[in-house]
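All residue numbers in this chain count up from 1 along the given sequence.
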Amino acid sequence: MHFLFLFFRGGPSGRTLLSALVLWSAAQAASALTLDEAQRRAVERSRQISAQDSGVVAAREMAVAAGQLPDPVLKLGIDNLPVDGADRFSVTRDFMTQRRIGLMQEFTRDEKRLARSARYEREAERSQAERAATVASIQKDTALAWLDRYYIEAMQAATAGQVAQARLEIEAADAAYRAGRGSRADVLAARSVLAGLEDKLSDVERRVRAAKIMLARWVGEDAGAPLAGEPRIDAVALDMNRLEGQLAHHPQITVLGKNEQLAEADAQLARANRQADWGVEFSYSQRGPQYSNMVAVGISIPLQWDRKNRQDRELASKLALIEQSKALREDALRAHVAEVRAMLEEWENGRRRITRYELELVPLADERTQAVLAAYRGGKAGLADVLAARRGETEIRIQTLQLRADTARLWAQLNFLGAEGHDAPGKDKR
């Protein structure tokens, strides 16, 4: 962080905050935590992903099971057993008594079994879409936590440099006061500035600790590692003119699309349920030794005697749910397009403001400080003027850092909308 100390003491005119951030990043250890690495670790350690993977497996297994015929039913029984008289409870003496064994099989139509299987396949696809949405959310939240810590630490370094500079100015004010060239008011003013900067540094250090805690939520113990250089935040993968088409594949919108497909599968199954399945039963009955054994064959068919109020209404319900899912998806897409469009406008404005700060406001503040400092050395300005110029320069530089932080957050929210494996422009590939 030594370069920031020198930077805030005043360097050549036109030196930008971006160059300072690059130097600061280069000074980090070789084992620095990159944004890509932080996101990878966050995804790897997420229990949400594991849970959704299990959900996909469960739906796939059910899809296979739902496509099978129902299990055959084994039937055992005794028919026409006497309960009184001379043949009471005898299974052989009465000619009507039969010991029966049978097998019944329901034959579910292929159309219905395929519809049931397809329904669980759609559920598996929805679980996969939810997984992709979770990955995108984890990547975005990890990026936000990483960037928050990065810029807050940059502010910490900048504020620490100002504290060091303020201490030098107190020494200079004390020396001038003892030599009779300055006033006690100058010394007190310098001490007041130092106290204010130290208080600001304490607050920034608190924010650094909080940022590390938030990053630890995603990457675990590595949250305290030094961070690598700032990613490029001047490019996103979205085009303002093609937003609706691009966002149609956004993970959250994809999940809603899968909900619509699942509703369609439910409707197809309800349509198949309008036709009843039938079953076949075969039984063999053994009677007493003096009587003939018997066999029986039967067919069972459910009677859909009130189809208009049962099967037809079930189908109408499922068709209505399709329309509901479609409306929810379209409304969510419109809302998301509007939200992202506003974020893109704000991000573009942030980029323009960063350029203005770095090329105009920061150099002007630096030149003003150097001019006031030269006037002070020549006896044409007081220490209060130097302190005021320093404070103004400090505020401009801190504002630039805060502006970069805000713009970087917008960049992260825009760039990590996609699913797993999305290579966003500007991601740190080191």
Residues 245-262 vs salt bridge (Lys or Arg N to Asp or Glu O under 4.0 Å), sequence neighbours excluded, gives E125-K258, E260-R329
(message) For Q52 and T134, which I'm curious about, is there any donor-acceptor pair between the side chains at under 3.5 Å?
(response) yes
Scanning both residues in full, the closest heavy-atom pair of W218 with A145 reads CD1-CB, 4.1 Å
E205 vs T159 side-chain heavy atoms within contact, under 4.5 Å: no
**Message:** Can a side-chain donor-acceptor contact be found between E393 and T369 if the only test is distance below 3.5 angstrom?
**Reply:** yes
Exercise for review: List the steps, then state whether side chain to side chain contact (heavy atoms under 4.5 Å, CB included) holds for L361 with Q399.
Suggested key: CA-CA 10 Å; L361 297 177; Q399 287 173 19; over 6 Å; no
Side-chain ion pair, R271 and E111, N-O less than 4.0 Å: no
Legend entry - Step-by-step side-chain hydrogen bond (donor to acceptor under 3.5 Å, both in side chains) determination, T400 to E358: CA-CA 8 Å; T400 306; E358 293 179 346; over 6 Å; no
Between S46 and V135, is any pair of side-chain heavy atoms under 4.5 Å apart? no
R40 atom CZ: more than 12 heavy-atom contacts under 6.0 Å
yes
Salt-bridge test for D148 and R409: reply yes if a basic N is under 4.0 Å from a carboxylate O, no otherwise. yes
request  = Give a yes or no on whether the backbone of Q139 and the side-chain of Q39 come within a donor-acceptor separation of less than 3.5 Å.
outcome  = yes
Might you confirm whether atom CG of L303 has over 12 heavy atoms from other residues, nucleotides or ligands at distances under 6.0 Å? no
One thing to verify: whether E198 and R167 come together as a salt bridge, which I'm taking to mean a side-chain N less than 4.0 angstrom from a carboxylate O. yes
Margin query: Other residues, nucleotides and ligands only: do more than 12 of their heavy atoms fall within 6.0 Å of CE on M96?
Written below: no
* **A129 backbone acceptor or donor facing T254 side chain under 3.5 Å** => no
Assign the ring pair W411 / F416 to parallel, tilted or perpendicular, where the plane angle (0 to 90°) is split at 30° and 60°. perpendicular
Q.
The test is salt bridge (charged side-chain N to carboxylate O under 4.0 Å, His left out); show your working for D266 and R119 and say whether it passes.
A. CA-CA 6 Å; D266 284 335; R119 195 264 177 204; 2.8 Å; yes
Q) Is the number of heavy atoms from other residues, nucleotides or ligands under 6.0 Å of I299 CD1 greater than 12? A) no
Practice problem: Would you check if R310 and Q304 make a side-chain contact, meaning some heavy-atom pair closer than 4.5 Å? | Solution: no
Review point. Can R206 and R209 be said to form a side chain to side chain contact (heavy atoms under 4.5 Å, CB included), step by step?
Key: CA-CA 5 Å; R206 175 194 59 79; R209 292 191 294 271; 3.8 Å; yes
| Any salt bridge between R397 and D366, counting N to O under 4.0 Å? | yes
### Task
Check whether the side chains of T394 and Q162 place a donor and an acceptor atom closer than 3.5 Å, and report yes or no.
yes
Quick one: are L74 and I101 in side-chain contact, heavy atoms under 4.5 Å? yes
(request) Would you kindly say whether N349 and E345 are connected by a side-chain donor-acceptor distance under 3.5 Å? (result) no
Inset, instruction - Would you confirm whether R242, through its side chain, and L247, through its main-chain N or O, come within 3.5 Å as a donor-acceptor pair? - result: no
Applying ring-ring contact (aromatic ring centres under 6.0 Å, His included) to Y284 and not counting sequence neighbours gives none
> Around R334, counting heavy atoms of other residues, nucleotides and ligands shown, do more than 12 lie under 6.0 Å from its CZ?
Replying inline: no
Tell me which donor-acceptor pairs under 3.5 Å the side chains of residues 316-327 have, and how far apart each pair is, sequence neighbours excluded?
from: S325; atom 1: OG; to: L321; atom 2: O; distance (Å): 3.0

Item checked: Heavy atoms from other residues, nucleotides or ligands near CD of Q105 exceed 12 (cutoff 6.0 Å) -> yes
**Report entry** Distance-only polar pair, side chains of R126 and N259, donor-acceptor under 3.5 Å
**Finding:** yes
Open item on the list: Any carboxylate oxygen within less than 4.0 angstrom of a Lys/Arg side-chain nitrogen, looking at E314 and R274?
Closed with: no
Check: H336 and H250 side chains under 4.5 Å, non-hydrogen atoms
yes
Do L144 and Q413 have side chains that approach each other closer than 4.5 Å (heavy atoms only, starting at C-beta)?
yes
*Kindly determine whether K212 and E153 satisfy side chain to side chain contact (heavy atoms under 4.5 Å, CB included), including the steps that lead there.*
CA-CA 10 Å; K212 288 182 178 179; E153 287 185 345; 3.6 Å; yes
Under the criterion side chain to side chain contact (heavy atoms under 4.5 Å, CB included), I'd like the reasoning laid out for Q156 against I152: C-alpha separation, chi angles, the key distance, then a yes or no. CA-CA 6 Å; Q156 179 188 27; I152 292 171; 5.6 Å; no
Closest non-hydrogen contact found for D234 with W347 is C-CZ2, 3.5 Å
Note: V204 and M155 closest approach over all heavy atoms is CG1-C, 4.0 Å
Check your understanding: Within the side chain of R287, is there an N or O that forms a donor-acceptor pair under 3.5 Å with the backbone of S292?
Key -> yes
(message) So does R390 get a backbone contact from the side chain of E395, meaning a donor-acceptor N/O pair under 3.5 Å?
(response) no
Tightest non-hydrogen contact, residues L201 and A160, listed as CD1-N, 4.0 Å
>> Keeping S117 on the side-chain end and R113 on the backbone end, is there a donor-acceptor pair under 3.5 Å?
In response: no
